[in-house]
Amino acid sequence: MGTLTSVAFAAATNIRFRSFHCNLGKKIKTPMPKVTSPLRERYCFSSPEETRVFKAVKCLGNDQNGSRGIDGGENRDTKSSVIRDSTVETASREEEDDDADEKSNTSSINEFGSDKTPYVSSRPSTESPIDPTYSSSFQIDSFKLMELLGPERVDPADVKLIKDNIFGYSTFWVTKEEPFGDLGEGILFLGNLRGKREDVFAKLQRKLAELAGDKYNLFMIEEPNSEGPDPRGGARVSFGLLRKEVSEPGPTTLWQYVIAFILFLLTIGSSVELGIASQINRLPPEVVRYFTDPNAVEPPDMELLYPFVDSALPLAYGVLGILLFHELGHFLAAVPKKVKLSIPYFIPNITLGSFGAITQFKSILPDRSTKVDISLAGPFAGAALSVSMFAVGLFLSTNPDAASDLVQVPSMLFQGSLLLGLISRATLGYAAMHATTVSIHPLVIAGWCGLTTTAFNMLPVGCLDGGRAVQGAFGKNVLVTFGLSTYVMLGLRVLGGPLALPWGLYVLICQRTPEKACLNDVTEVGTWRKALVGTAIILVVLILLPVWDELAEEVGIGLVNTF
């Protein structure tokens, strides 16, 4: 037989402990200020204050699942009934002897008090008023409170129901269950696949919808820490279960619309400023000093810039058109796949007009091919328009009839891109490029800025377009390797030149986290998609790689003095 301890908090100043010791039907009454037995039973807090603090109350040693009793779970119903009857009988006998006990043995009731006013000593107590079991219970319930504040977990009853009715010998035989999700709010089923993974996944999804409706989402992912590949070929797979409201992104809020609108207005302003800065040979000296002197912090009088706004608008329209065309490509690729996208959050930049935009997925992607297609559609659309503007601008730069529309820019600017600098040199010629300034059409600047912005967004890191494309085509592990390499090259200014540091900080703050897994995160995307992503990454490197001084001097890009 064990020792049963029941603690009742009748009031804040009236605390009474009663101990019952059952031994072959014989009752022995002993004061127990502390529980020292190695088998400590849980306290039952009946005070309203304690009820508010402790959400889950456990009495007489019953655990959360109700599957184990004091004797380890064997013959639980019989033993719990015996314990309950013994407790009630002993409690009734104790109530009958209360008056006699309080009169004859008041000093031995309990050191914490009785029904009468206790004697209060003037000496301060040296013992802690909080029992260690109380502190342990407080810690346990604190963890439970944190669980309640976190995302809603999968119902254990539903887990058993799904495991028994969806999985089986013909689809996927479950051998183990583990936590799944960022905070372990889901269940990961590990086991053995019994068929082609795509057919099995489609069958499991259909059964889940019939059984639970739209309550849960089922993910097919690569088995973490698998000992080897699947005998049928490819990686071993496992299936993750999450509640739909936890796994799917939330809707766009009103404040997000407001923030997006403000950022778009700022991007318009930065694009107009880029158009004004492109007319540097026509601007007043104080304005030129503001745009060229790094130490100039005080802006010039805005009235001096008003005459140049009209001539700056075509370039601003070109930059904004490329940005909008980029986002349109994303949305056109997402519509056939029934994927929802958020509104774009444009990031203004005074050097390029904009750093692009942040566009989030507002629904779970069905597979990795969809992730690649949507991620590449935006950059390819923006790059197509940028290349068109760049090519037309170079053609107009060599046309004498368009001489009045040309602007003078420093030739050193063409050293910012190896690919674009060499194309400009081949089109404009050695004499035009090997000078202090070069006369070009504003469309060249618009196309240049558009291609540079597109290349930055196609870097294989985080949840940029390039990061999503690499993650979909080659997997998350390859993205981690590419991401670390990209951060190193940006830090060393191997890519991007003077824009490497601000762009790297922008990615670290806003878009460093990889995209979430697709529903089917295992099926390969195919060879041609991988080749397309690889080719795009190579072009990105060529665009963002600066022209070193020796090559610039040899091909005649600017006036470079090498010693």
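Side chains included, hydrogens not; waters and symmetry mates left out as well; all remaining heavy atoms used.
Judged purely by distance below 3.5 Å, without hydrogens or angles, the side chains of Asn399 and His441 never pair a donor atom with an acceptor atom. Under the 3.5 Å distance criterion, with hydrogens and angles disregarded, no donor-acceptor pair is assigned to the side chains of Asn457 and His326. Ser247 and Asn217 share a side-chain donor-acceptor pair at under 3.5 Å.
Using modelled atom types, one side-chain atom of Ser270 and one backbone atom of Thr267 make a donor-acceptor pair closer than 3.5 Å.
With ring centers used as reference points, Phe264 lies under 6.0 Å from Phe346.
The minimum heavy-atom distance linking Val533 with Leu376 is given by the pair CG2-CD1, 3.9 Å. Contact record, Ala432 with Leu428: CB-O, 3.5 Å, taken as the closest heavy-atom pair.
Residues in residues 349-388 take part in these ring pair (Phe, Tyr, Trp, His ring centres under 6.0 Å) pairs, two or more places apart or across chains: Phe355-Trp503, Phe355-Tyr506.
Screening Lys476, Arg468, Arg368 for a salt bridge (Lys or Arg N to Asp or Glu O under 4.0 Å) with Glu515, the sole residue that qualifies is Arg468. Of the residues listed (Leu204, Thr171, Leu218), the one engaging Ile166 in a side-chain contact (heavy atoms from CB on, under 4.5 Å) is Leu204, and it is the only one.
Counting heavy-atom neighbours within 6.0 Å of Lys530 NZ, excluding the residue itself, gives a total above 12.
Listed by chain and number, the residues in a side-chain contact (heavy atoms from CB on, under 4.5 Å) with Lys337 are Val339, Thr370, Asp373 (sequence neighbours excluded).
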